[in-house]
Colleague: 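So that we are looking at the same thing, I have put the structure below in structure tokens.
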Amino acid sequence: MGLFDFAKNIGKKIFGSNDDDEKASEKLTRHIEEDNPGLENLEIKVEDGVAIIKGETEDPSALEKVILMAGNAMGIEEVRADEVTAPEQTVEIQYYEIQKGDSLWKIAKTFYGDGNKYTEIFEANREVIKDPDLIFPGQKIRIPMD
């Protein structure tokens, strides 16, 4: 499963199964606008479980976060961001799919060798993870490797 592919049947419940694509698009757009990490002229269209994102940013991390915010919504199985203008990422980022039994401390221990660095992972995903104690299996996050 790549950055743009997600598990459709898990994630944050943003819209209902009875919502048509137009309603789902509106609700997903509102969800991302609540904590927009810096994507200007944001437009999101949901079509049969695919979130199509348009906009521009000067921060490549903002694009990554918006992709994760959209993809970690229940009902979304793919995110397309071909129409987003953003610079190339200059920091090494790894993406991680949360597994059953994971905690941010455990993930930090694995990636950084120090569980106390879980706050770095939380800060890098602040728009994606609202509470460091509330992560779920299947959720994708960013791991900065600098």
Side-chain angles (χ1 to χ4, degrees), residues 1-100 102-108 110-112 117-146:
M1 193 180 293
L3 172 61
F4 297 101
D5 299 322
F6 295 84
K8 185 175 184 174
N9 60 341
I10 59 173
K12 183 171 182 176
K13 189 166 175 57
I14 305 296
F15 44 87
S17 58
N18 293 331
D19 288 341
D20 61 16
D21 286 348
E22 183 178 337
K23 193 69 165 171
S25 299
E26 291 171 12
K27 289 181 176 181
L28 189 57
T29 299
R30 267 197 316 273
H31 165 68
I32 291 174
E33 285 177 340
E34 287 175 6
D35 291 305
N36 189 331
L39 200 65
E40 301 292 324
N41 302 312
L42 175 67
E43 291 181 41
I44 299 176
K45 185 174 184 181
V46 175
E47 294 178 345
D48 297 321
V50 177
I52 302 162
I53 299 173
K54 297 179 182 180
E56 53 269 343
T57 184
E58 296 298 319
D59 180 4
S61 297
L63 173 57
E64 295 164 354
K65 291 175 184 181
V66 168
I67 290 169
L68 293 172
M69 291 169 76
N72 284 326
M74 187 177 289
I76 300 297
E77 63 185 323
E78 181 183 347
V79 176
R80 295 185 188 152
D82 300 331
E83 297 185 53
V84 175
T85 304
E88 291 291 319
Q89 179 61 270
T90 58
V91 176
E92 183 184 351
I93 300 289
Q94 290 192 26
Y95 297 94
Y96 180 74
E97 184 174 328
I98 302 207
Q99 304 298 310
K100 185 176 181 177
D102 273 346
S103 66
L104 291 184
W105 191 95
K106 183 178 174 184
I107 296 166
T110 300
F111 281 91
Y112 300 141
K117 291 189 173 187
Y118 79 92
T119 57
E120 292 179 28
I121 295 173
F122 177 65
E123 288 302 323
N125 292 279
R126 185 170 283 284
E127 296 85 357
V128 179
I129 302 171
K130 295 297 180 192
D131 181 329
D133 294 323
L134 297 176
I135 59 175
F136 56 86
Q139 183 178 26
K140 286 190 179 181
I141 59 173
R142 307 166 61 247
I143 311 285
M145 300 305 294
D146 54 348

Colleague: Show every donor-acceptor pair shorter than 3.5 Å between a side-chain atom in residues 79-89 and any protein atom, with sequence neighbours excluded, or say none if there are none.
Modeller:
| from | atom 1 | to | atom 2 | distance (Å) |
| --- | --- | --- | --- | --- |
| Arg80 | NE | Glu78 | OE2 | 3.0 |
| Gln89 | OE1 | Val91 | N | 3.2 |
| Gln89 | NE2 | Ser61 | OG | 3.3 |
| Gln89 | NE2 | Glu64 | OE1 | 3.2 |
| Gln89 | NE2 | Glu64 | OE2 | 3.0 |

Colleague: To check you understand the geometry: which heavy-atom pair defines the closest contact between Ile135 and Leu104, and what is its length?
Modeller: CD1-N, 4.0 Å
Colleague: With Tyr96, which residues qualify under ring-ring contact (aromatic ring centres under 6.0 Å, His included), at least two apart?
Modeller: Phe111
Colleague: Apply the test side-chain contact (heavy atoms from CB on, under 4.5 Å) to residues Leu134 and Ile129: give CA-CA distance (whole Å), side-chain angles for both, the deciding distance (0.1 Å), then the verdict.
Modeller: CA-CA 7 Å; Leu134 297 176; Ile129 302 171; over 6 Å; no
Colleague: Could you list all the side chain to side chain donor-acceptor pair (under 3.5 Å) pairs where at least one residue sits in residues 21-32, not counting sequence neighbours?
Modeller: Asp19-Lys27
Colleague: Report the residues that fulfil salt bridge (charged side-chain N to carboxylate O under 4.0 Å, His left out) with Glu123, sequence neighbours left out, ordered by chain and then residue number.
Modeller: Arg126
Colleague: Does a side-chain heavy-atom distance below 4.5 Å link Gln99 with Pro137?
Modeller: no
Colleague: Who pairs with Glu77 by side chain to side chain donor-acceptor pair (under 3.5 Å), at least two apart in sequence or on another chain?
Modeller: none
Colleague: Under a 4.5 Å cut-off applied to non-hydrogen side-chain atoms, are Val66 and Pro37 in contact?
Modeller: yes
Colleague: Is it true that a side-chain atom of Thr57 and a backbone atom of Gly38 form a donor plus acceptor pair closer than 3.5 Å?
Modeller: yes
Colleague: Where do Trp105 and Thr110 land on the side-chain contact (heavy atoms from CB on, under 4.5 Å) test, with the steps shown first?
Modeller: CA-CA 9 Å; Trp105 191 95; Thr110 300; over 6 Å; no
Colleague: If I compare all heavy atoms of Ile141 with all of Ile107, which pair ends up nearest, and what's the gap?
Modeller: CD1-CD1, 4.2 Å
Colleague: Can you tell me how far NZ of Lys100 sits from CZ of Phe136, rounded to the nearest 0.5 angstrom?
Modeller: 15.5 Å
Colleague: Looking only at non-hydrogen atoms, find the nearest pair between Ile93 and Arg142 and report the distance.
Modeller: CD1-NH2, 3.3 Å
Colleague: What distance separates Asp102 CG from Glu97 CD, expressed to the nearest 0.5 Å?
Modeller: 10.0 Å
Colleague: What residues, two or more places apart in sequence or in another chain, satisfy side chain to side chain donor-acceptor pair (under 3.5 Å) together with Asn36?
Modeller: none
Colleague: With sequence neighbours left out, write down each residue that passes side chain to side chain donor-acceptor pair (under 3.5 Å) with Glu40, or none if nothing qualifies.
Modeller: none
Colleague: Locate the shortest heavy-atom distance separating Pro144 from Tyr112; write the atom from each residue and the value.
Modeller: O-OH, 2.6 Å
Colleague: To the nearest 0.5 angstrom, please state how far the CG atom of Leu39 sits from the CD atom of Glu127.
Modeller: 11.5 Å
Colleague: Suppose we screen for salt bridge (charged side-chain N to carboxylate O under 4.0 Å, His left out). Which residues come up paired with Lys12, at least two apart in sequence or across chains?
Modeller: none
Colleague: What residues form a side chain to side chain donor-acceptor pair (under 3.5 Å) with Glu47, not counting sequence neighbours?
Modeller: Lys45
Colleague: Let me confirm one number: the CD1-NZ distance from Ile32 to Lys65, rounded to the nearest 0.5 Å.
Modeller: 13.0 Å
Colleague: Rounded to the nearest 0.5 Å, what separation is found between the CG atom of Leu68 and the CG atom of Leu63?
Modeller: 9.5 Å
Colleague: Checking Tyr118 now: which residues fulfil ring-ring contact (aromatic ring centres under 6.0 Å, His included) with it, not counting sequence neighbours?
Modeller: none
Colleague: Other residues, nucleotides and ligands only: do more than 12 of their heavy atoms fall within 6.0 Å of CG on Asp131?
Modeller: yes
Colleague: What's the separation between atom CD1 in Ile67 and atom CG in Asn72, rounded to the nearest 0.5 Å?
Modeller: 11.5 Å
Colleague: Under the side chain to side chain contact (heavy atoms under 4.5 Å, CB included) rule, collect the residues that match up with Glu92, sequence neighbours excluded.
Modeller: Gln94, Met145
Colleague: Which pairs of donor and acceptor atoms, one on a side chain in residues 49-56, lie under 3.5 Å apart (sequence neighbours left out)?
Modeller:
| from | atom 1 | to | atom 2 | distance (Å) |
| --- | --- | --- | --- | --- |
| Glu56 | OE2 | Asn41 | ND2 | 2.1 |

Colleague: Do Asn125 side-chain atoms and Phe122 backbone N/O form a donor-acceptor pair below 3.5 Å?
Modeller: no
